[in-house]
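Sequence lines set the chain letters: A, B, ... in the order given, protein chains first and strands last, and positions in each chain run from 1. All values below come from the heavy atoms of this structure, side chains included, with hydrogens, waters and symmetry mates left out.
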Number of protein chains: 2
Amino acid sequence: MDGDDATPRPRPRLEDVAVEVGLSTASVSLVLRGAAGPSAATRERVLEAAARLGYRPDRAASLLARRRSRLIGVMMDVRSSYHGELLEDVHEADEQHGYDLVLSTVTRTWNEQRAVETLLDSRCEALVLLGPEASAAWLTALDRQLPVVVVGRPFPSAGVDVVRASDDVGVGAAVDHLVGLGHLDIAYVDGGPGTIATGRRRGYRMAMRRHGLAHRIRVLRGSHTEEAGLRAAPVLMGDDAPATAAIAFNDRVAVGLLDALSRAGVAVPGEMSVIGYDDSPLSRLVHIGLTTVSQNSQQLTQHAVAAVVERLDGGRTDHREVVLPPQLVVRTTTALPPRRRSTG
Amino acid sequence: MDGDDATPRPRPRLEDVAVEVGLSTASVSLVLRGAAGPSAATRERVLEAAARLGYRPDRAASLLARRRSRLIGVMMDVRSSYHGELLEDVHEADEQHGYDLVLSTVTRTWNEQRAVETLLDSRCEALVLLGPEASAAWLTALDRQLPVVVVGRPFPSAGVDVVRASDDVGVGAAVDHLVGLGHLDIAYVDGGPGTIATGRRRGYRMAMRRHGLAHRIRVLRGSHTEEAGLRAAPVLMGDDAPATAAIAFNDRVAVGLLDALSRAGVAVPGEMSVIGYDDSPLSRLVHIGLTTVSQNSQQLTQHAVAAVVERLDGGRTDHREVVLPPQLVVRTTTALPPRRRSTG
DNA sequence: GTGACTGGTTAAAGCGCTTTAAGGTATGGC
DNA sequence: GCCATACCTTAAAGCGCTTTAACCAGTCAC
């Protein structure tokens with residue numbers, strides 16, 4: 001006599017499964033989470049019933065009830081495909097450690113603070129911030145509340161964990177590569193102010209000195225966009241002692257450079273070698289084939305997640321800075337210099 | 001005598017605020033959500049206390065308790081910066097309608113089905129899927145469970161809402177632009193199989209016919225990457241009646257084309273005009289300056305959110321397909337043809 | 001046969017919030 | 001004074017799940 005006017009539960013709950021198998025919700029919960037206790041026979045019955053009813057746990061309820069959220073909050077700029085790549089890896093690493101992810105994105109109308117607050121309100125146990133721009137003071141204060149890992153940005157403080165690639169080493173590798181090919185007149189197109197740019201510039205200078213090329217150091221004023229490359233090009237060529245190779249602050253600058261050079265009829269790499277930084281999708285374009293420095297994002301994220309897990313599960317309380325060596329990715333914009341010249 | 005050995009509540013709860021102002025949690029809840037009831041005086045006291053204690057509502061608890069979640073789930077490919085842009089707009093639009101966002105990303109290890117399940121488990125009331133690849137059958141079934149809007153992909157079914165830009169109109173506008181400049185030999189570099197490519201190809205053919213240029217229709221085999229452009233270039237130039245303009249399936253193909261042309265010494269737009277499709281960040285690069293077709297993502301997302309809201313709050317039950325006209329963005333890769341030739 | 005286990009199961013107390021019906025207190029009209 | 005009226009405020013019942021202590025057979029040893 002039970003017509004189908006009985007409101008059909010839109011979604012089965014734990015209790016529906018429990019009733020179905022004639023057990024308590026406690027047992028069902030235990031089984032579904034794979035916790036110890038229930039016998040093999042019980043497990044089987046429960047799993048079968050759950051599958052049959054199409055049961056799926058409600059995240060909000062589960063989250064509210066459980067002691068630990070096992071949630072890691074990630075803040076990112078959703079418009080950056082680099083962050084997207086990082087996120088993909090973070091996701092995978094988190095999963096391996098039994099954590100789940102909560103995402104919060106920075107947009108025009110949603111700044112870093114709001115993004116972080118959302119994560120906090122979602123009961124995250126730790127935060128992974130991809131390339132945050134917030135002040136050191138604020139982040140340090142945050143870290144007193146829960147473990148915070150800053151990824152990909154040099155951070156002048158021991159108040160949080162930091163995982164990043166070593167920019168000076170990266171640029172150093174670029175110089176080494178060029179010197180190895182026989183280049184001597186290697187210029188650097190700068191990235192303007194900022195901690196990242198400073199590190200890379202220093203890397204260039206140090207490497208040049210290391211190779212006894214201190215007197216050939218040439219840093220061209222720049223920024224982080226293509227325009228810097230466009231403007232640097234004539235300076236590189238116009239000299240009476242033109243450079244045979246250039247290292248750009250990043251790939252975008254390098255692409256600007258490439259463009260200006262090709263317009264000016266300067267063959268790359270025939271007459272000039274060019275190296276970028278970031279290994280961006282741009283640099284991988286088959287017809288650009290930019291030799292560049294990769295930050296090895298996989299390792300970056302693995303360390304970031306490891307840092308979180310150490311503090312959450314490993315009881316670590318001090319802060320740590322992990323600096324990874326970047327890797328040079330040699331493509332087609334670097335080659336032997338046009339002709340050897342005498343040093344001096 | 002209350003030493004500070006009393007466990008300090010890590011986070012104030014609603015009750016803490018209530019105790020602070022000597023009211024019930026009910027009143028505090030009412031005030032904080034801006035619901036009607038509490039007097040102005042009460043409101044003020046509550047807000048002051050909440051701010052002083054640094055109270056922030058727990059999302060999980062709030063979500064669990066409330067009747068409606070007011071959550072809209074968005075599925076996207078986090079590695080696509082285009083999706084990132086869309087998301088930013090969706091976020092803004094949702095907010096305006098009083099909805100909150102839950103994000104779920106498709107990755108290597110996390111397919112569309114899992115992403116959607118996560119959204120469902122999070123109590124979303126509706127789903128916005130950015131460029132999903134799932135089958136029509138599955139999505140249609142999903143839509144019986146909750147409103148589903150597919151964004152940016154032609155979708156052969158009336159089982160869900162669809163919001164997309166009209167590809168044939170977009171390519172048509174490109175043809176119009178070129179014809180307006182005086183081009184007659186306008187070739188099209190195809191994007192291979194797939195619904196999107198089909199629509200664009202059709203747009204090209206229709207527009208050419210409309211201009212009485214049916215006999216000059218030339219569709220070059222292609223794909224969706226730079227390589228297609230590289231391969232198309234010689235075909236475009238090599239003929240005894242070379243094209244004066246080319247429209248590419250998308251920006252990546254167009255960039256491949258640009259590259260090959262510049263290597264071959266063909267001036268763009270002097271000797272050949274090129275138009276892409278997507279208005280990707282790539283096309284905006286100052287030194288590429290690709291004339292391209294923009295899908296007007298802002299409108300796309302506004303319609304998508306509107307569709308959701310209509311079904312959630314407006315009681316609409318039928319399905320709707322919104323097809324927006326794309327917009328041509330003229331940059332620097334299109335100009336008058338090199339020299340007029342007689343038609344025929 | 002008793003006590004000490006032990007493996008399996010569950011009652012019950014939350015998690016922190018929302019929501020609604022019911023309660024209280026003024027106010028005003030009669 | 002008494003009742004209706006309006007306005008605030010709150011008690012209490014969840015939301016759907018987790019977790020822990022308690023419980024209940026069965027063993028098993030002695």
Side-chain angles (χ1 to χ4, degrees), chain A residues 7 9-47 49-50 53-71 98 100 118 120-125, chain B residues 7 9-47 49-50 53-71 98 100 118 120-125:
Chain A
T7 311
R9 258 202 187 290
R11 230 189 133 109
R13 296 160 311 156
L14 203 53
E15 198 184 335
D16 300 322
V17 180
V19 167
E20 186 75 12
V21 291
L23 284 173
S24 68
T25 59
S27 295
V28 176
S29 173
L30 256 16
V31 169
L32 292 178
R33 285 175 298 121
S39 67
T42 302
R43 302 197 103 80
E44 198 168 334
R45 281 169 55 214
V46 168
L47 291 174
L53 297 181
Y55 172 78
R56 311 218 78 230
D58 182 302
R59 302 190 101 209
S62 156
L63 193 56
L64 181 58
R66 81 189 172 234
R67 288 243 159 285
R68 290 192 49 186
S69 73
R70 300 204 72 85
L71 246 35
D100 216 335
T118 304
L120 258 26
D121 296 347
S122 305
R123 305 193 154 204
C124 290
E125 297 183 9
Chain B
T7 311
R9 259 202 186 290
R11 231 188 133 110
R13 295 159 311 154
L14 203 53
E15 197 184 336
D16 299 322
V17 179
V19 166
E20 185 76 11
V21 291
L23 285 172
S24 69
T25 60
S27 297
V28 176
S29 173
L30 255 17
V31 169
L32 292 179
R33 283 175 300 123
S39 67
T42 302
R43 301 198 105 79
E44 198 168 334
R45 281 170 56 213
V46 168
L47 291 175
L53 297 182
Y55 172 78
R56 311 218 78 229
D58 182 303
R59 303 190 100 210
S62 157
L63 194 56
L64 182 57
R66 82 191 170 230
R67 287 238 161 287
R68 292 192 45 187
S69 73
R70 302 204 70 85
L71 246 34
D100 216 335
T118 305
L120 258 25
D121 296 347
S122 305
R123 303 194 156 202
C124 290
E125 297 182 11

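Using a 4.0 Å heavy-atom cutoff across all strands shown, A/Arg68 reaches no nucleic acid atom at all. Within 4.0 Å (heavy atoms only), A/Ser27 reaches at least one base atom of the nucleic acid. Across all strands, A/Leu23 comes closer than 4.0 Å only to sugar-phosphate atoms, never to a base (heavy-atom distances).
Summarising the geometry, the separation between CZ on A/Arg66 and C1' on C/dC15 is reported as 12 Å, rounded to the nearest angstrom. Remark: P of C/dA13 and CZ of A/Arg67 are 15 Å apart, rounded to the nearest angstrom. Rounded to an integer number of Å, the gap from CD of A/Glu15 to C1' of D/dT18 is 15 Å. Computed from coordinates, the B/Arg123 CZ to D/dG16 C1' distance equals 7 Å when rounded to whole Å. Here the P atom of nucleotide D/dC15 and the CZ atom of A/Arg13 are 7 Å apart, to the nearest Å. Summarising the geometry, the separation between CZ on B/Arg56 and P on C/dG16 is reported as 16 Å, rounded to the nearest angstrom. Note: CG (A/Leu30) to P (D/dA21) measures 14 Å, nearest angstrom. Rounded to whole angstrom, the span from the CG atom of A/Leu64 across to the C1' atom of C/dC15 amounts to 4 Å.
Considering only the side chain of B/Tyr55, C/dC17 comes nearest among C/dC17, D/dA11, C/dT9. In the set D/dT18, D/dG16, C/dG16, the nucleotide with an atom closest to the side chain of B/Asp58 is C/dG16.
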**Message:** As a quick check of understanding, evaluate side-chain contact (heavy atoms from CB on, under 4.5 Å) for B/Leu63 and A/Leu63, giving each step before the final call.
**Reply:** CA-CA 11 Å; B/Leu63 194 56; A/Leu63 193 56; over 6 Å; no
**Request:** Start with the C-alpha gap between B/Leu32 and B/Tyr55, add the side-chain angles, then the distance that decides, and say whether side-chain contact (heavy atoms from CB on, under 4.5 Å) holds.
**Result:** CA-CA 10 Å; B/Leu32 292 179; B/Tyr55 172 78; 3.4 Å; yes
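For B/Leu30, the side-chain contact (heavy atoms from CB on, under 4.5 Å) test picks out B/Arg33, B/Ala35, B/Pro38, with sequence neighbours left out. Applying the side-chain contact (heavy atoms from CB on, under 4.5 Å) rule to B/Arg67 yields no partners; only residues at least two apart in sequence or on another chain are considered. Residues satisfying the side-chain contact (heavy atoms from CB on, under 4.5 Å) criterion with B/Ser62, sequence neighbours excluded, are B/Arg66. The side-chain hydrogen bond (donor to acceptor under 3.5 Å, both in side chains) search around A/Arg45 returns none, not counting sequence neighbours. Applying the side-chain hydrogen bond (donor to acceptor under 3.5 Å, both in side chains) test to B/Thr25 and every residue at least two apart in sequence or in another chain returns nothing. Shown here are the side-chain contact (heavy atoms from CB on, under 4.5 Å) partners of B/Glu125, two or more places apart in sequence or in another chain: B/Arg68, B/Ser69, B/Arg70, B/Tyr99, B/Leu312. Evaluation of the side-chain hydrogen bond (donor to acceptor under 3.5 Å, both in side chains) rule for B/Thr118 yields no partner, not counting sequence neighbours.
Contact annotation: B/Thr42 reaches the phosphate of D/dT9 (side-chain N/O to OP1 or OP2, under 4.0 Å). At D/dT18, one or more side-chain N or O atoms of A/Ser62 fall inside 4.0 Å of OP1 or OP2 (strictly under the cut-off). Within the 4.0 Å cut-off from OP1 or OP2 of D/dA11, not a single side-chain nitrogen or oxygen of B/Ser24 is found.
Toward the 5' end of DNA chain D, the nearer of the two residues A/Leu63 and B/Ala65, judged by each one's closest nucleotide, is B/Ala65.
Nearest approach of A/Leu53 to A/Asp16, heavy atoms of both residues: CD1-O, 3.9 Å. Minimum interatomic distance between A/Ala49 and A/Val17 (heavy atoms only, all atoms of both residues): CB-CG1, 4.3 Å.
Within the structure, salt bridge (Lys or Arg N to Asp or Glu O under 4.0 Å) contacts touching residues 55-64 of chain A (residues at least two apart or in different chains) are A/Arg56-B/Glu117, A/Arg56-B/Asp121, A/Asp58-B/Arg123, A/Arg59-A/Asp100.
For DNA chain D, the neighbouring residues in residues 31-41 of chain A, judged by any heavy atom under 4.0 Å, are A/Arg33.
Residues A/Leu14 and A/Ser29 form a side-chain contact, since some pair of their non-hydrogen atoms from C-beta on lies under 4.5 Å apart.
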Could you run down the sub-3.5 Å N/O contacts of the protein with nucleotides 22-27 of chain C?
none

Find every protein N or O atom lying less than 3.5 Å from an N or O atom of nucleotides 23-25 of chain D, and list the pairs.
none

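For the strand DNA chain C, secondary-structure stems (runs of at least three Watson-Crick or G-U pairs, all distances below 3.5 Å) span C:1-30 with D:1-30.
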